[in-house]
4 protein chains.
Amino acid sequence: MRRRVGVWLFGARGSVATTTIAGAAALDHGAPAAGVVTELPDFSSAGLVPTDQLVFGGHDVVETPLSKQVERLTAGGVLPAGLGTLITAELAEAERNITLLPGNRNAAEGGDLPVGAVAHHPPDPQPGQFGVVRRMAEDIRAFRLRYDLEHVVAINVASTEAPYEVDVDSAAELRMALGERDVLPPSSLGALAAFEAGAAYMDFTPSTSIKPEAVREWAIEKGLPYGGQDAKTGETLVKSVLAPMFVHRALPVHAWSGTNLLGGGDGATLADPRAAESKGVSKERGLSEMLGDVAGEVHIDYVDPMGDWKTAWDHVVFSGFLGVRMTLQFTWQGCDSALAAPLVLDLARLSALALERKHVGAMPFLGFYFKDPIESSEHALARQYDALVRWVREC
Amino acid sequence: MRRRVGVWLFGARGSVATTTIAGAAALDHGAPAAGVVTELPDFSSAGLVPTDQLVFGGHDVVETPLSKQVERLTAGGVLPAGLGTLITAELAEAERNITLLPGNRNAAEGGDLPVGAVAHHPPDPQPGQFGVVRRMAEDIRAFRLRYDLEHVVAINVASTEAPYEVDVDSAAELRMALGERDVLPPSSLGALAAFEAGAAYMDFTPSTSIKPEAVREWAIEKGLPYGGQDAKTGETLVKSVLAPMFVHRALPVHAWSGTNLLGGGDGATLADPRAAESKGVSKERGLSEMLGDVAGEVHIDYVDPMGDWKTAWDHVVFSGFLGVRMTLQFTWQGCDSALAAPLVLDLARLSALALERKHVGAMPFLGFYFKDPIESSEHALARQYDALVRWVREC
Amino acid sequence: MRRRVGVWLFGARGSVATTTIAGAAALDHGAPAAGVVTELPDFSSAGLVPTDQLVFGGHDVVETPLSKQVERLTAGGVLPAGLGTLITAELAEAERNITLLPGNRNAAEGGDLPVGAVAHHPPDPQPGQFGVVRRMAEDIRAFRLRYDLEHVVAINVASTEAPYEVDVDSAAELRMALGERDVLPPSSLGALAAFEAGAAYMDFTPSTSIKPEAVREWAIEKGLPYGGQDAKTGETLVKSVLAPMFVHRALPVHAWSGTNLLGGGDGATLADPRAAESKGVSKERGLSEMLGDVAGEVHIDYVDPMGDWKTAWDHVVFSGFLGVRMTLQFTWQGCDSALAAPLVLDLARLSALALERKHVGAMPFLGFYFKDPIESSEHALARQYDALVRWVREC
Amino acid sequence: MRRRVGVWLFGARGSVATTTIAGAAALDHGAPAAGVVTELPDFSSAGLVPTDQLVFGGHDVVETPLSKQVERLTAGGVLPAGLGTLITAELAEAERNITLLPGNRNAAEGGDLPVGAVAHHPPDPQPGQFGVVRRMAEDIRAFRLRYDLEHVVAINVASTEAPYEVDVDSAAELRMALGERDVLPPSSLGALAAFEAGAAYMDFTPSTSIKPEAVREWAIEKGLPYGGQDAKTGETLVKSVLAPMFVHRALPVHAWSGTNLLGGGDGATLADPRAAESKGVSKERGLSEMLGDVAGEVHIDYVDPMGDWKTAWDHVVFSGFLGVRMTLQFTWQGCDSALAAPLVLDLARLSALALERKHVGAMPFLGFYFKDPIESSEHALARQYDALVRWVREC
Ligand SMILES: NC(=O)c1ccc[n+]([C@@H]2O[C@H](COP(=O)([O-])OP(=O)(O)OC[C@H]3O[C@@H](n4cnc5c(N)ncnc54)[C@H](O)[C@@H]3O)[C@@H](O)[C@H]2O)c1
Ligand SMILES: NC(=O)c1ccc[n+]([C@@H]2O[C@H](COP(=O)([O-])OP(=O)(O)OC[C@H]3O[C@@H](n4cnc5c(N)ncnc54)[C@H](O)[C@@H]3O)[C@@H](O)[C@H]2O)c1
Ligand SMILES: NC(=O)c1ccc[n+]([C@@H]2O[C@H](COP(=O)([O-])OP(=O)(O)OC[C@H]3O[C@@H](n4cnc5c(N)ncnc54)[C@H](O)[C@@H]3O)[C@@H](O)[C@H]2O)c1
Ligand SMILES: NC(=O)c1ccc[n+]([C@@H]2O[C@H](COP(=O)([O-])OP(=O)(O)OC[C@H]3O[C@@H](n4cnc5c(N)ncnc54)[C@H](O)[C@@H]3O)[C@@H](O)[C@H]2O)c1
Ligand code: NA
Ligand code: NA
């Protein structure tokens, strides 16, 4: 019998993680798999791991039980009423697999460490961050053993960090520095821990994680795949089909402005201008690669009363024949976690396939899922979809 | 030296036709070719006829001079101020190539024939419509001779007709019936005239034209290409990228509602519910082929104060993971003629290439341009674009 | 001690009625009175009956229990989760006060009578409709006795009827005709029943009810007040502040177009073009009285997947100085029943005050609540509010 | 015969000023007075000065001729084609009445003084700003004499200044300080100059001008009226009718977010965050006074390709009965100068009436026109309109 696949979530108690864990359980209970791309016929021949063979665990810096989060998300209309009681067993099991990263909370959590920063396990007596990576990797390895998992995929769904300057250039330099000083932000420590534990690593966020060359080299030395960054679920998703439309129709775009209103935990984090900066950079990359230089700003506003819902308004000025000015506006009203969770399942299944196929290094064929696709400059959704299907059917 | 290509426009005095003729002249005077798809690098190796080698002529049922139409379109902000005086010579030349289809006006023109109906040249003494076709074909042949044209492409940009029931099943039956009675609406007579004159035929409208099997057989017997129908310039264009987005992301769409507000000549025609019916059918085909059955209606409202401008509002209800309902709305504010005219130039150039390549019958690879692509069921814009580029590069 | 006030609802099992009954109960349990205008400080000195002194009863043509409706509205996000169990007692009490109007269902209910038509109680052996009115009035009188009510207010929240031609001109003629033939639609029979039972009558719908002069005379003969019609809760509410803005700023409005998308029972009824006609007429009255003749249509589309939610999009073309064209668009996304129910409470309290003050005939000072305010041509919301407050404070 | 009224514009070469001057001339040539509120019947009995009796002059820091500005505004669709040639005489006359404030340009004009700062006439040999005020007042007095004007009204339509800290508390202190040091920003110097020249003063902008108590005292000592600030022409205008709607309907508003996209000179100025700060403060005052504390931000984005056009998108979260969340969104697409210019004419006529009536001090009854109405806390448009009409009809 086929062994199960482990999904290790950094940020395991957040909205996206909770919706993923609860949603996978709901699917087992017969809920329809809306939003799970890998359930489309195009993917049926690939032998992807069934979603009921996924086991969940992870790290977080807060202790709020998953069942509480399920309650909150149900009140907010993200999860269907009654789901919580149906899936008590599954929640309890995932709960047992979540390790608290102890120590101070970051600012977004009401603590006094900078946003995204975290002190792990028993405060480390030695200088440097190697101990942290080692203990996090041990957590992942223990998870693998507990279930005798075939593969483990680690996915970063933790709060978006502020940008972080990493000053080492290679895996070798990094190894040295890690024993001596604080050289990486938490997201990158998570990536290293994943690689140390033989897991694939996917970044659902725009944090530093696998951005540094040195971290990527580390993955390659271990023979492991990685992918990201920053899942494309709402405004950017729509942009990724509208921008190619203007390009294909030879209609010059002069300005593209956007305002995103959102509440929830992610909104609270992005109210911190430094975290918003990371997000802004990843949001804007696609547009400028598709359209060149266009005027217009992108705002991300924290609007507490919107809860887990997001509204994005985009305004595009373009011109037609002989320079006549025209506009396109759109308003997207979505529930981010409900859009994100099925993609986490997709990424888990596809990363497991990559491990199966012994793929090493970046997975640019997953660009379909990301605002800032690693080692790829294709942002047009239709092309990204075709590339994904081609890879899946490859062997 | 390469000989020129003739573009014969049915509806040669309408907004689209006038903007096309004026726009082509403006390009010769250095205006930028925004909206002309065949000017994109993807098309540069195909040896398409340069736009300054296109000559314009056509049929219409009204006598308003092109220069008057240019004035009207300038006042409405469709054409740039000052263009009229710059291109007097070009307008005058096209003016000489336009033949009035005499007789009664249709209802949209203030006459008493049904919308789209028209009595041609000297009222025909014989029964049937063969005489009409013959005389229209002669007009086109004379145009070809006048300029010693390499190819002639006939494009239907006349007012949208009401649906019309054609009761003959083959070219043979049609030939017989044409000598005896009124069997076809004006658009189909135009198509036959084009084929009789050895011209390619493109339908920019949702009229009957090449819908009947018998008319298509006629083209094939003459060894000529045809294409259409109903150019995709605004709301439907946007739909053709948004619908695939939902499909690729496995997000079920429950309802898609649309309201189109427009003034101008096209708006006045579509205020007639029978003409609107033709338009409605072609607008909805793509959506249902892409998404299956979804709730929602499409309205086309004539709003005189909007002049040549159109505003479309679309509202889409879809669901995400576990059935959470979300919405996407868009508002498109465009100037239809300025979106349509460059596509007429594209279709002329591409049809000339098809004649060059001796392509016979339907041109499904032009689906990129149409709401109701003939002999094709691909409606996703990105795929249509790729298919078009593939065909262009074929040889 | 002050005696209680009875609220008799025609359409007592519909969405508006159920939300009203459940909402009044929720207020007793401490829910905040959002949307209840008569709870504003401007109304505090008027000695209005407290909402916990209202008792509910009514007529309907279906038997679906209120508790089932509460479940449905809770699932649709109209009522808060958990409310149903909190208010079981109140629902059961109202349930006991609802009388079934027996006989065939109307078309909107799956029966074979026309929309809005209904056969009452034991089918009447005699010709004419007097028996129906008498028996309905008895139901209301019995309700008054059961609770020893101070006043009874009858409010029509039944399905919108098709327009109905009434061919009698005075109360006297009507009295005669009622004994002989079918002369009135159900809504007007309800109004007469109310007057016979000494109740005030308010029409929340655009049905015929009190439109005929003869029905109004009847009220005046009985010395009773009446008011209506068609509560202004969404799109029309917004219009009633935007239109005066254009007027006050001397900005000419050229076109006002609107599209309303809605599901639910009201949506299903309005999918019948005859019912929609009644609604359309009342929706458009205010605009034309405020702005004169403007272009543009109003669409009401039934979109089943929207459930009890409504989205309205309005597009306004106006001009500024020297004729420059500009536009204003708005999108209203509301839950109709949650907007309507608090207004039903307001109207009950204000009508009880009118009874108290022995007001006879039309209540134009309630125009604040209606799209088609009876015997008033003031549609500007701010003025209507001021007029209402003035009346309330009068004595 | 009645003598004429002079309108002295600070910022006389800007878009608002130019549109005002050109528009007044167009009215003389028969253009319809759309947007001129004082042309409504409500104002006809007040004996307001006819618009053809207004004479224009003013100060600016740039020398671009009015005719050039008219050309630019015509190309941008603000002024109708052909107007320029029709009104050459009127433009030339106004041109003669505009005095250059010499010296350095402010940053928004490409100079090196801070935004809004300006050095006047021959650089002043003495310390302090008294000389500046004196010379500006002389310009205004000369204008009055040149035309033997009945009244002069000075209106500030210059670029919005950054906030400015004024450290004197009374007219007396101010008089002292003015002879010694730089104590006021240009807008306040303009106000003093107006008062010195016996003119009324209106502030169309959110600059410092009459904010300091000391400046207002100065007006009162001179027995003159003043009013402002920051004309309400677009987004804020709409807010001023929507916010009262929510209040009157007892619907709690939780969040109100807004994004304003604009190009043009005003947009360029507001791209400077310090100028934007002044604007933001005035924009938000009304909302918070009407609704209390609500979440949400207001963005003002400079989007160069939008030229003189502005698009504002507002998103409002409110709740209905029992806390159900609903939203209202609106999109306003207007041409700011075409909305502003007729209001400048209104303010000129109404201020002349105030002078006629010897009104001294603040004119709170003009709140109808302003985002930040001086000495008034009424922001609801309908009430403001009624107050204005009451004042006009007073005597
Ligand atoms: N929801 C979407 O559509 C979407 C799309 C793209 C990207 N994202 C990204 O996904 C991430 C999660 O979003 P969310 O809505 O679940 O946010 P959330 O705030 O609800 O959850 C984040 C979780 O991460 C935890 N966390 C913070 N720092 C940590 C650390 N150093 N190690 C481990 N856990 C840590 C927090 O305690 C919290 O439980 C965000 O970065 C967001 O930007 C979400
Ligand atoms: N503009 C767009 O974006 C767009 C997009 C898709 C389709 N179309 C279609 O293109 C057509 C033209 O649009 P338009 O805006 O130019 O309309 P229009 O009303 O300005 O022009 C139509 C012209 O056709 C002429 N005409 C009518 N009956 C005729 C006949 N039997 N023979 C010859 N001429 C005839 C009319 O006199 C008129 O000059 C319409 O059918 C429209 O639906 C336009
Ligand atoms: N909800 C709003 O915002 C709003 C605003 C204005 C007007 N209205 C009007 O209020 C009415 C009720 O709306 P709703 O959403 O509750 O509709 P609904 O369809 O949910 O309820 C209507 C009820 O009336 C009953 N009914 C039908 N014919 C009847 C008859 N002859 N006698 C007694 N009962 C009868 C039906 O069985 C049903 O229970 C509609 O006419 C609607 O147009 C509602
Ligand atoms: N247009 C509207 O709807 C509207 C609404 C409210 C407020 N306003 C305000 O009106 C003002 C004018 O707007 P605009 O669009 O005409 O801007 P603009 O940039 O076109 O014009 C401003 C003019 O002021 C001049 N100026 C700058 N500093 C000056 C000084 N110290 N003294 C005299 N002139 C000076 C500039 O040279 C320029 O000619 C702005 O402050 C704007 O915020 C405009
Ligand atoms: Na696409
Ligand atoms: Na108002």
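The chains referred to below are lettered A, B, ... by the order of the sequence lines, with proteins before strands, and numbering in each begins at 1. The model shown is predicted, which means the values in this text are computed figures rather than measured ones.
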Notebook entry, point to check: What part of V324(D) lies closer than 4.5 angstrom to a heavy atom of chain C: side chain, backbone, both or neither?
Noted result: side chain
Note to self: Evaluate Q329(D) against T331(C) for side-chain hydrogen bond (donor to acceptor under 3.5 Å, both in side chains), listing each step before the verdict.
What the structure shows: CA-CA 5 Å; Q329(D) 298 169 58; T331(C) 308; 5.3 Å; no
Notebook entry, point to check: With a 4.5 angstrom heavy-atom cut-off, which part of L388(C) approaches chain D: side chain, backbone, both or neither?
Noted result: neither
Check: Which region of S337(D), side chain (C-beta onward) or backbone (N, CA, C, O), has a non-hydrogen atom less than 4.5 Å from a non-hydrogen atom of chain C, or is it both or neither?
Finding: neither
Next item on the list: Considering only heavy atoms and a distance below 4.5 Å, find which of V238(C), V316(C), L79(C), L237(C) pairs most often with chain D.
Entry: L237(C)
Next item on the list: Side chain from CB out, backbone as N, CA, C, O: work out which of these in K232(D) comes under 4.5 Å of a heavy atom of chain C, or both, or neither.
Entry: both
Notebook entry, point to check: Who wins among R383(C), M326(C), H248(C) for the most heavy-atom pairs under 4.5 Å with chain D?
Noted result: H248(C)
Check: Between T311(C) and chain D, which part of the residue has a heavy atom less than 4.5 Å away: side chain, backbone, both or neither?
Finding: neither
Margin query: Less than 4.5 Å to any heavy atom of chain C: does that hold for the side chain of D314(D), its backbone, both, or neither?
Written below: neither
Check: Looking at F321(C), F368(C), W313(C), W332(C), which makes the most heavy-atom pairs under 4.5 Å with chain D?
Finding: F321(C)
Check: Using non-hydrogen atoms only, which part of F318(C) is less than 4.5 Å away from chain D: side chain, backbone, both, or neither?
Finding: side chain
Note to self: At a 4.5 Å cut-off on heavy atoms, which part of P342(C) comes close to chain D: side chain, backbone, both, or neither?
What the structure shows: both
Checklist line | L40(D), part contacting chain C, at a heavy-atom distance under 4.5 Å | finding: side chain
Next item on the list: Under 4.5 Å heavy-atom distance to chain C, tell me which part of P252(D) shows up: side chain, backbone, both or neither.
Entry: side chain
Checklist line | Atom group of W309(D) that falls short of 4.5 Å from chain C, counting heavy atoms | finding: side chain
Notebook entry, point to check: Side chain, backbone, both or neither: which part of V247(D) has a heavy atom under 4.5 Å from chain C?
Noted result: backbone
Notebook entry, point to check: What option among V389(C), L322(C), L345(C) has the most heavy-atom pairs under 4.5 Å with chain D?
Noted result: L322(C)
Next item on the list: Pick one of side chain, backbone, both or neither for D42(C), based on which atoms fall under 4.5 Å of a heavy atom in chain D.
Entry: neither
Checklist line | Per-residue contact mode, V78(C) against chain D (heavy atom under 4.5 angstrom) | finding: backbone
